[in-house]
Number of protein chains: 2
Amino acid sequence: MALKKRNLSATEQILEALEERGYRSTAPRRTLAAAIGVQKRHFTAEGLRRQLPPTLGRATVYRTLKLLVEAGVLCRVMLEDGDLHYQLSHRGHHHHLLCVLCGSSQDLTGCDIEDLLAATSARHGFELSGHWLEVYGHCRDCIQNGRAAA
Amino acid sequence: MALKKRNLSATEQILEALEERGYRSTAPRRTLAAAIGVQKRHFTAEGLRRQLPPTLGRATVYRTLKLLVEAGVLCRVMLEDGDLHYQLSHRGHHHHLLCVLCGSSQDLTGCDIEDLLAATSARHGFELSGHWLEVYGHCRDCIQNGRAAA
DNA sequence: TCACTATTAGATACAAGGTATCAATAACAT
DNA sequence: ATGTTATTGATACCTTGTATCTAATAGTGA
């Protein structure tokens with residue numbers, strides 16, 4: 001559902017999501033929303049913090065990120081080296097194709113992973129409640145530009 | 001391949017894997033192997049450390065765990081809350097069904113996830129190099145014992 | 001058995017990422 | 001304008017993990 005209103009900028013959509021949930025509109029949150037709206041790739045909490053005025057407290061950054069994940073505006077992305085990143089979320093539940101060369105990511109669509117998992121789990125007497133999947137590889141751009149040769 | 005020799009205890013198999021790779025047999029490593037062999041569930045580095053004599057240095061624990069993962073004796077398991085756990089590894093590449101109620105885990109077998117992922121990725125012009133998948137839910141035991149009711 | 005050498009251990013310090021606490025401040029309904 | 005409540009940011013702290021370095025030890029070969 002999140003980020004469906006295409007006429008709004010990412011920054012505006014973040015602020016609106018907070019407002020909808022009854023959170024106050026404060027200067028730190030507006031600063032954060034603007035900074036997140038400007039990101040071209042997934043980012044870490046600390047990386048984002050480094051782009052913000054140092055007067056903006058560390059706790060505020062982490063608190064707000066957590067808030068935005070709960071609000072469905074951001075989603076967490078786990079990189080291969082275990083680093084936790086964030087990025088704007090486009091749909092409720094989905095997975096990412098993460099390019100390990102350029103850091104870009106696309107959503108994984110048209111995939112019946114969920115069904116396959118549920119069926120396979122059931123054969124083990126297992127009742128599925130959730131899962132975590134990240135897919136790493138080389139994106140089309142990197143392949144075409146020869147960056148994937150190595 | 002790891003842990004195929006069914007006549008050896010887990011502890012013995014860990015020690016043998018180290019020996020095969022040319023690592024020395026030392027008292028700390030024997031202590032660690034014994035402690036790991038006794039684990040009934042996946043465990044964290046720090047959790048394991050708390051079960052060891054405090055004279056056994058922190059660096060030694062982490063070094064040895066890394067060694068054992070590289071040797072294929074242990075594998076890493078990511079829990080839903082982001083905690084990194086370890087457990088004995090039974091096959092080269094596989095996934096886990098993790099019970100969020102009792103903490104047990106089983107290997108996910110008979111699953112063509114890899115093929116499905118490769119095919120789906122290819123439709124996005126994406127060349128798959130790796131992936132990370134963890135599946136969370138309720139195991140058969142917990143369902144039968146009513147622990148899953150809530 | 002002894003001595004030699006490379007590996008290993010553990011102490012220590014450090015670093016990154018994240019959380020708890022709490023007094024001071026700012027938002028917003030009235 | 002004011003009072004209540006959410007929010008902030010400073011600070012301290014915690015956890016997990018790594019780097020560094022000296023002392024100890026395993027396993028070689030004599």
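The sequence lines fix the lettering, A, B, ..., with proteins before strands; numbering per chain opens at 1.
Atom pair A/Arg24:CZ and C/dA27:P shows a separation of 9 Å (rounding to whole Å applied). In this structure, CG of A/Leu65 is placed 14 Å from C1' of C/dT19, rounded to the nearest angstrom. D/dT15 atom P lies 20 Å from atom CZ of B/Phe43, rounded to whole Å. The NZ atom of A/Lys66 sits 18 Å away from the P atom of D/dA6 (whole-angstrom rounding). The distance between atom CD of B/Glu19 and atom P of D/dT28, rounded to the nearest whole Å, is 10 Å. Atom-to-atom, CG of B/Leu56 to P of D/dT25 comes out at 13 Å; the value is rounded to the nearest Å. In this structure, the CG atom of A/Asp81 is 19 Å from the P atom of D/dT16, given to the nearest Å. Between the C1' atom of C/dG18 and the CZ atom of A/Arg49 lies a distance of 11 Å, rounded to the nearest Å.
Between B/Tyr62 and B/Arg30, the one whose closest nucleotide on DNA chain D sits nearer the 5' end is B/Tyr62. With the nearest nucleotide of DNA chain C identified for both B/Pro54 and B/Gly22, B/Gly22 has the one nearer the 5' end.
Side-chain N or O atoms of A/Asp81 include one that pairs as donor or acceptor with a backbone N or O of A/Asp83 at under 3.5 Å.
For D/dT8, the OP1/OP2 oxygens have a side-chain nitrogen or oxygen of A/Arg29 closer than 4.0 Å. Taking side-chain N and O atoms only, B/Arg50 has a distance below 4.0 Å to OP1 or OP2 of D/dT16.
Considering only heavy atoms from C-beta on, B/Glu127 stays 4.5 Å or farther from B/Ser121 through its side chain. Taking the side chain as every heavy atom from C-beta outward, A/Ile143 and A/Arg140 never approach each other to under 4.5 Å.
A tilted orientation is assigned to the rings of B/His95 and B/His131, their planes being inclined by 30° to 60°.
Among the protein residues, A/Thr44 comes within range of no part of the nucleic acid, since none of its heavy atoms lies under 4.0 Å from any strand. Across all strands shown, B/Ala45 has heavy atoms under 4.0 Å from sugar-phosphate atoms exclusively, and none from any base. Backbone-only contact: A/Thr26 has heavy atoms under 4.0 Å from sugar-phosphate atoms and none from a base.
Counting distance only, with no hydrogens placed and no angle test, the side-chain atoms of A/Arg63 and the base atoms of D/dG9 include a donor-acceptor pair under 3.5 Å. For B/Arg58 against D/dG17, a side-chain-to-base donor-acceptor contact under 3.5 Å is present.
Shown are B/Thr120, B/Leu133, B/Leu117; of these, the side-chain contact (heavy atoms from CB on, under 4.5 Å) with A/Val135 is made only by B/Leu117.
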